[in-house]
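Below you'll find the structure, written out as structure tokens, and then a few comments.
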Protein chains: 2
Amino acid sequence: MKPKPKPKAKAPAKRRGLGAYPRPSVTVDVVLLAAVPARSALHALVVRRSEPPFGGRWALPGGFVGIDEPLDAAARRVVREKARLADVFMEQLYTFGSPRRDPRGRVITVAYYALVDEARFRQAAAEAKGEVAVARLDVGWEGETGGPVDVVSEHESGAALPLLLAFDHGEIVGMAVKRLRGKLDYTPVGFQLLPPSFTLRQLQDVHETVLGRPLNKDSFRRRILASGLLDATGERQDDVDHRPAELYRFGRQSAT
Amino acid sequence: MKPKPKPKAKAPAKRRGLGAYPRPSVTVDVVLLAAVPARSALHALVVRRSEPPFGGRWALPGGFVGIDEPLDAAARRVVREKARLADVFMEQLYTFGSPRRDPRGRVITVAYYALVDEARFRQAAAEAKGEVAVARLDVGWEGETGGPVDVVSEHESGAALPLLLAFDHGEIVGMAVKRLRGKLDYTPVGFQLLPPSFTLRQLQDVHETVLGRPLNKDSFRRRILASGLLDATGERQDDVDHRPAELYRFGRQSAT
DNA sequence: GAAATAGTGTCTTTAAGACAGTATGTG
DNA sequence: CACATACTGTCTTAAAGACACTATTTC
């Protein structure tokens, strides 16, 4: 029923409908990130592949896009199913479509990145233990140079086993870090990596973790407060062994 | 081993290969932009649709992605076929996948934006006269607020006929402008909207056209020259009726 | 020489960095 | 009271804006 007349020409001569063109599979993959200032590193959630291709290796949580499902909804569903998390900040990252990125056939993936605070991230990882793993990202470049990052397993001992990611997922993770660093330069997305209320110090720690470099404390305070995006809650920390700091809250709700 | 208790589940139970999931059509659409400082506006190339859906309306140049064709290659092919242009700066913009964006069925489009200098743009539009039109973009928002832009036909009289774009192409154009403005804040992409050698004044005019606001001349010169991205050619303008300015050249070749 | 734009030097304004000093909690 | 961190005030430094002035071309 589909002769596929393709010696060289791409577009068929007569049939012009959607059916005239072979269709690729389309998936979404999500880089779910949390900042871990204690280790000066970003962590990402990875899942073990149980089947070929790349069976046994680690991959980003992902899945096929339903034929009637919006892309954002697919990404959200993947996070819900694989990480059991809802209501996370999420943005489209980039679409990867190299013809040979999946040995099974043509698969185009729309990559997203998602940000959660460390507590939710750890809880999610613990609940899905066995199916998922926490990967630490060692970023080998500065600023927004870009490029792949080293992905290593996070052991309590501190030992760092390299994790081989399936497909082009290493590249995707690298782009997520690059994008996040870029955003941090002009908007304090760090909010999304913290619980609803937080101190300025915590926000600075998160920013430093993402950017991979120390920031000036005074200037950071001034800049963030001047942006007007934070509202003081009037409350303070209470479980610290020193003067407790004011707690702030993200002033405007950010979409998607 | 994995019961999958999902009454509302979409994925088939047994078949796990690519064939198990219905596939959407995938296209690329390109926002081909040129800056026209004389009109203080960006111009985009649009093509008239000859067939439904949206027959008779204007659309971005686009086409289906070949089953073995990289996304970038498809975008490049579209620009070559529809605008007869090669070697243009081009970057992926965003992927639009609302299930109802095309009445024929599920079509996901990977949008790109491309930049050319005004001369090449006009020549391309003239050569394909009848098939394509030049649309002027009236950006109704400042900075990087974002949102759709008014797309009007460019008449020599100055009259502005609104152009109704097909599909969600108005949204795509708006996002292209937003992205371009954003990039201009930290990198002088304006190069790509000018011929190989140009004066600082021309570059500033282009930046002002894209950003939609005037820039400080002194500060612009300092900033651009300090960036080190420009090389002086040693040559000067020769067809102007005043003191000719030094011509500069983009120092590093930018990929894709 | 007049007109027009290119290019330079310098003052002012503003944001970032440095750092000293005060405030407020725990033990 | 010692200690730790939060917070404030001020000086210094670097970048951006403003603006006066000089330079070089065409007519």
Side-chain angles (χ1 to χ4, degrees), chain A residues 37-38 40 142-144 181-182 184-188 190-191 194-195 197-249, chain B residues 37-38 40 142-144 181-182 184-188 190-191 194-195 197-249:
Chain A
S40 298
E142 294 190 356
E144 295 165 48
R181 284 189 175 180
L184 227 53
D185 285 341
Y186 60 94
T187 177
F191 302 135
L194 287 169
S197 78
F198 49 86
T199 69
L200 291 181
R201 161 60 64 186
Q202 289 176 311
L203 185 61
Q204 183 177 347
D205 285 343
V206 164
H207 277 226
E208 290 180 339
T209 301
V210 172
L211 295 174
R213 64 182 172 89
L215 295 173
N216 183 281
K217 177 183 164 185
D218 310 271
S219 159
F220 183 81
R221 284 184 67 91
R222 264 188 308 222
R223 194 158 49 86
I224 296 294
L225 291 176
S227 79
L229 293 173
L230 289 195
D231 297 335
T233 62
E235 298 176 5
R236 300 176 160 273
Q237 291 178 302
D238 60 352
D239 52 354
V240 287
D241 60 349
H242 56 266
R243 173 177 173 182
E246 172 100 42
L247 288 170
Y248 289 83
R249 186 190 301 119
Chain B
S40 298
E142 294 190 354
E144 295 165 49
R181 284 189 175 180
L184 226 53
D185 285 340
Y186 60 93
T187 175
F191 301 135
L194 288 169
S197 78
F198 49 85
T199 68
L200 291 181
R201 160 61 61 186
Q202 289 176 313
L203 185 60
Q204 183 178 345
D205 285 342
V206 163
H207 277 226
E208 290 179 340
T209 301
V210 173
L211 295 175
R213 63 182 174 88
L215 295 173
N216 183 280
K217 177 185 162 185
D218 311 87
S219 158
F220 184 80
R221 285 183 67 90
R222 265 188 304 223
R223 195 158 49 87
I224 296 295
L225 291 177
S227 78
L229 293 173
L230 290 194
D231 296 335
T233 62
E235 298 175 6
R236 299 177 161 274
Q237 288 179 303
D238 59 354
D239 51 356
V240 287
D241 60 350
H242 55 266
R243 172 175 174 182
E246 173 100 41
L247 289 170
Y248 289 83
R249 186 192 300 121

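Reminder, nothing fancy here: chain letters follow the sequence lines and each chain counts from 1. What's counted below: heavy atoms across the whole structure, side chains too, no hydrogens, waters or symmetry copies.
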Note to self: Once side chain to side chain contact (heavy atoms under 4.5 Å, CB included) is applied, do any residues pair with A:Asp218, and if so which ones, sequence neighbours excluded?
What the structure shows: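 Side chain to side chain contact (heavy atoms under 4.5 Å, CB included) list for A:Asp218, sorted by chain: A:Asn216.
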Length of the [atom1]-[atom2] vector between [X] and [N], whole Å:
X        : N      : atom1 : atom2 : value
A:Gln237 : D:dT5  : CD    : P     : 11 Å
A:Arg223 : D:dA14 : CZ    : P     : 19 Å
A:Leu247 : D:dA6  : CG    : C1'   : 12 Å
A:Gln204 : D:dT5  : CD    : P     : 13 Å

Margin query: Determine whether a donor-acceptor pair (N or O, by modelled atom type, separation under 3.5 Å) exists between the side chain of A:Thr233 and the backbone of A:Leu247.
Written below: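 Checking the backbone N and O of A:Leu247 against the side chain of A:Thr233, a donor-acceptor pair under 3.5 Å is found.
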Next item on the list: Please name the pair of heavy atoms, one in A:Ser40 and one in A:Thr209, separated by the smallest distance, quoted to 0.1 Å.
Entry: C-CG2, 3.8 Å
Check: Got a sec, which residues hit side-chain hydrogen bond (donor to acceptor under 3.5 Å, both in side chains) with A:Glu208, two or more places apart in sequence or on another chain?
Finding: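 Partners of A:Glu208 by the side-chain hydrogen bond (donor to acceptor under 3.5 Å, both in side chains) criterion, ordered by chain and then number, come out as A:Gln204.
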Which side-chain N or O atoms in residues 220-227 of chain B pair as donor and acceptor under 3.5 Å with protein atoms at least two apart or in another chain?
from: B:Ser227; atom 1: OG; to: B:Ile224; atom 2: O; distance (Å): 2.6
from: B:Ser227; atom 1: OG; to: B:Leu229; atom 2: N; distance (Å): 3.3

Pairs of donor and acceptor atoms involving the side chains of residues 234-243 of chain B, under 3.5 Å and at least two apart or interchain, shall be tabulated with distances.
from: B:Arg236; atom 1: NH1; to: B:Pro244; atom 2: O; distance (Å): 3.0
from: B:Gln237; atom 1: OE1; to: B:Ala245; atom 2: N; distance (Å): 3.1

Next item on the list: Scan nucleotides 18-27 of chain D nucleotide by nucleotide, 5' to 3', and note B when protein non-hydrogen atoms come under 4.0 Å of the base, S if they reach only the sugar-phosphate, - if neither.
Entry: BB---BBBS-
Checklist line | Set of residues satisfying ring-ring contact (aromatic ring centres under 6.0 Å, His included) with respect to A:Phe198, sequence neighbours excluded | finding: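 With neighbours one apart ignored, the set is A:Phe191.
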Margin query: Salt bridge or not between A:Asp185 and A:Arg181? Use side-chain N to carboxylate O under 4.0 Å.
Written below: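 No, A:Asp185 and A:Arg181 are not salt-bridged.
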Margin query: Reading DNA chain C from 5' to 3', where do the contacts with chain B start and stop? Cut-off is 4.0 Å to heavy atoms.
Written below: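 Counting from the 5' end, contacts occupy C:dA4 to C:dT10.
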